[in-house]
Amino acid sequence: MQPDLFGADRRQIRLSEGAVLLGGFALSHAEPLVAAIAALTAAAPFRHMETPGGRRMSVAMSNCGPLGWVSDRGGYRYAARDPLSGEPWPAMPVLFRTLAQDAAAQAGFADFAPDACLINRYEPGTQLTLHQDRDEQDRRAPIVSVSLGLPAVFLWGGESRAGRAARHALFHGDVVVWGGPSRMNFHGIAPLKDGLHPATGALRYNLTFRTAG
DNA sequence: GAGTTACA
DNA sequence: TTGA
């Protein structure tokens, strides 16, 4: 279901215990979010990281906040500085933090204090195959994921890699929160379909908020 | 042998 | 679903 003509889509879909899709939760802040992404990535540009195996990730990434997720031949980890510049990642905008906290609270996770915001840029054809987020120290904290721009198909699996993943459409302004018993569930994004979005053109952005340290 | 496995 |  897409946002209707008369107001924000407020569908709430329970994905599993501790995981919920909040339809349109970020819609009223979408414009400043997209503008902030442009400003942040002028300072810390999008780049294609390498997996530990040396393969180039199709999704371009950057970060803001005290810690940023990085991948290279040395493995996955969180780093306080951008490896490209040696400088700290740009500060996390107040809007980002408050939005993530509000979404987490809406999903039942009070006092979410993200110290990392991964910024993903998807072009048509790019994807993130099914994986777990397991590089964070504090796994009691949930994960908050904000979708902007082109729609995508969210893959939602279980605690094990095997088995069938559910598929849920994610639209501009949607937010997914997962934590508690769902914190380690496998998840991913199916290859992005071609298209144009008024706010982002032929791109999808995703903001992923985590407590990493 | 495990782990790789945010890939192909 | 499963590799090197």
Side-chain angles (χ1 to χ4, degrees), chain A residues 15-16 18-19 21 37 40-41 44-84 89 92 96 100 114-139 141-170 174-179 182-194 200 203-213:
Chain A
L15 305 179
S16 59
L21 191 168
I37 290 171
L40 291 164
T41 57
F46 283 112
R47 80 292 306 266
H48 293 274
M49 298 185 188
E50 290 187 2
T51 68
R55 294 190 178 92
R56 174 187 133 123
M57 298 181 70
S58 66
V59 176
M61 299 177 171
S62 184
N63 291 279
C64 66
L67 293 172
W69 188 85
V70 296
S71 176
D72 57 25
R73 278 133 299 183
Y76 309 136
R77 62 192 175 279
Y78 282 89
R81 290 173 178 271
D82 181 349
L84 287 184
W89 298 104
M92 189 185 301
F96 281 32
D115 59 11
C117 174
L118 176 63
I119 307 169
N120 290 161
R121 185 189 67 192
Y122 294 76
E123 297 182 17
T126 65
Q127 65 176 313
L128 217 50
T129 57
L130 219 53
H131 67 277
Q132 289 174 303
D133 290 7
R134 49 180 191 173
D135 304 310
E136 300 75 28
Q137 288 201 263
D138 183 0
R139 292 179 177 175
I143 291 170
V144 174
S145 171
V146 178
S147 293
L148 296 165
L150 287 179
V153 174
F154 186 57
L155 307 173
W156 183 247
E159 299 177 5
S160 153
R161 183 182 180 186
R164 55 217 168 274
R167 299 166 71 91
H168 295 275
L170 293 180
D174 285 355
V175 177
V176 182
V177 181
W178 65 96
S182 296
R183 172 60 180 76
M184 300 308 294
N185 279 35
F186 279 82
H187 57 279
I189 292 289
L192 203 74
K193 289 180 294 184
D194 208 346
T200 64
L203 294 171
R204 172 179 185 265
Y205 294 109
N206 174 261
L207 304 173
T208 309
F209 296 90
R210 305 184 179 95
T211 302

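Letters go in sequence order (proteins before strands), and every chain restarts at 1. All values reported here derive from a predicted model rather than from experimental measurement.
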Just how far, in rounded Å, is [atom2] of [N] from [atom1] of [X]?
| X | N | atom1 | atom2 | value |
| --- | --- | --- | --- | --- |
| A:Phe186 | B:dT4 | CZ | C1' | 12 Å |
| A:Arg73 | B:dA6 | CZ | C1' | 16 Å |
| A:Arg55 | B:dA8 | CZ | C1' | 6 Å |
| A:Leu155 | B:dC7 | CG | P | 12 Å |
| A:Gln127 | B:dA8 | CD | P | 7 Å |
| A:Glu136 | B:dA6 | CD | C1' | 11 Å |
| A:Glu159 | B:dT5 | CD | P | 22 Å |
| A:Tyr76 | B:dG3 | OH | P | 15 Å |

Q: Identify the heavy atoms of A:Arg183 and A:Arg139 that sit nearest to each other, and give their distance.
A: CG-O, 3.4 Å
Q.
On a heavy-atom basis, which atom in A:Glu123 and which in A:Thr126 lie closest, and how many Å separate them?
A. O-OG1, 2.7 Å
By the 4.0 Å heavy-atom rule, please label [X] as base, sugar-phosphate, or nothing.
| X | value |
| --- | --- |
| A:Arg134 | sugar-phosphate |
| A:Arg210 | base |
| A:Gly163 | sugar-phosphate |
| A:Asp135 | base |

(Q) Would A:Arg121 and A:Tyr205 count as a cation-pi pair here, with the cationic atom under 6.0 angstrom from the ring centre and within 45° of the axis? (A) no
Q. Which nucleotide, in any strand shown, forms a Watson-Crick or G-U wobble pair with B:dC7, with both distances under 3.5 Å?
A. C:dG3
Q.
Closer than 4.0 angstrom, basic N to acidic O: yes or no for A:Arg73 and A:Glu50?
A. yes
**Q.** N/O (side chain, A:Thr129) to phosphate O (OP1/OP2, B:dC7) under 4.0 Å
**A.** yes
Q) Does the base of C:dT1 carry an N or O that pairs as donor and acceptor with the side chain of A:Arg161 under 3.5 Å? A) no
**Q.** Full working for side-chain contact (heavy atoms from CB on, under 4.5 Å) between A:Leu118 and A:Leu207
**A.** CA-CA 6 Å; A:Leu118 176 63; A:Leu207 304 173; over 6 Å; no
